[in-house]
Amino acid sequence: MTLGEKLIELRKKHNLTQERLSEELKVTRQTLSNWEKGLTNPDIIQAKNIASYFKISLDDLTNHKLEITCTKRNILSNLIGKRCYIDMLSDDYNEVYQEVCTIIDVGDEFIKFSFRKKNNVIEKLIDIDLITSFQVIEQGEEK
């Protein structure tokens with residue numbers, strides 16, 4: 001739906017004539033008619049006035065939708081290869097413990113990391129929902 005079509009819809013929904021709406025918006029009826037026909041468009045201040053008059057957002061007026069797909073994977077993928085402190089819940093959810101580890105991979109539901117236990121390197125895959133916090137370890141910072 002174009003801005004002009006949206007403007008017509010709003011005007012008719014509120015039982016307004018072009019003349020009455022143009023008076024409310026302090027523009028000529030011809031200007032309003034040109035907006036509705038799509039011959040011209042309101043400037044940003046005029047569009048803000050229209051949105052304010054109808055009590056809608058500018059996005060609603062212009063039918064622009066901002067959608068950002070944000071998954072755990074694309075947020076946490078910046079941690080891959082980094083050494084971190086990870087606080088996580090135990091499998092029975094009764095306690096929180098901390099591991100010093102290196103993040104190997106991140107999925108939407110799981111995170112894979114490695115850590116040292118005595119002289120062994122252990123790799124573990126856990127549910128992301130068990131992790132309560134991350135702290136990246138800067139060089140020379142490890143406890």
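- Using a 4.5 Å cut-off between side-chain heavy atoms of Ile, Leu, Val, Met, Phe, Trp and Tyr, with links allowed through other members, M88 and I128 fall into the same hydrophobic cluster.
- The nearest pair of heavy atoms linking L16 to R20 is CD2-CG, 3.7 Å.
- Between D87 and S133, the side chains place a donor N or O and an acceptor N or O closer than 3.5 Å (distance only, hydrogens not considered).
- W35 has its side chain within reach of Q46: a pair of non-hydrogen atoms, C-beta onward, lies under 4.5 Å apart.
- Distance CD1/I111 to CG/L130: 11.5 Å, rounded to 0.5 Å.
- In the hydrophobic clustering of this structure, F54 groups with L25; members are Ile, Leu, Val, Met, Phe, Trp, Tyr whose side-chain heavy atoms approach within less than 4.5 Å, directly or through other members.
- Here the closest non-hydrogen pair linking E19 and R29 is N-CG, 4.0 Å.
- Proximity of a side-chain donor or acceptor of N120 to a complementary backbone N or O of I122 within less than 3.5 Å is not detected.
- In the hydrophobic clustering of ILVMFWY residues, with side-chain heavy atoms under 4.5 Å counting as a link, I86 and V121 come out apart.
- To the nearest 0.5 Å, atoms CZ (R11) and CG (L32) are separated by 6.5 Å.
- Between atom CD of residue E24 and atom CD1 of residue I50 there is a gap of 12.5 Å, rounded to the nearest 0.5 Å.
- Note that CG of L61 and CG of L7 are 7.0 Å apart. Values are rounded to the nearest 0.5 Å.
- Judged by distance alone, the side chain of E36 and the main-chain N or O of S33 form no donor-acceptor pair under 3.5 Å.
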Full working for side-chain contact (heavy atoms from CB on, under 4.5 Å) between C84 and I103:
CA-CA 7 Å; C84 298; I103 308 300; 4.0 Å; yes

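- The CD atom of E138 sits 8.0 Å away from the NZ atom of K82 when rounded to the nearest 0.5 Å.
- Atom CD of E5 and atom OG1 of T2 lie 3.5 Å apart (nearest 0.5 Å).
- Linking ILVMFWY side-chain heavy atoms closer than 4.5 Å, directly or via other members, places L125 and I104 in two distinct hydrophobic clusters.
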Assess whether side-chain contact (heavy atoms from CB on, under 4.5 Å) is satisfied between L10 and I56, documenting all intermediate values.
CA-CA 10 Å; L10 288 165; I56 61 173; 3.6 Å; yes

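- For the pair F110 and D105, the minimum side-chain heavy-atom distance is 4.5 Å or more.
- The cluster map of Ile, Leu, Val, Met, Phe, Trp and Tyr, joined by side-chain heavy atoms under 4.5 Å apart, puts L39 and L21 in different clusters.
- In this structure, L3 and P42 approach most closely via the heavy-atom pair CD2-CD, 3.7 Å.
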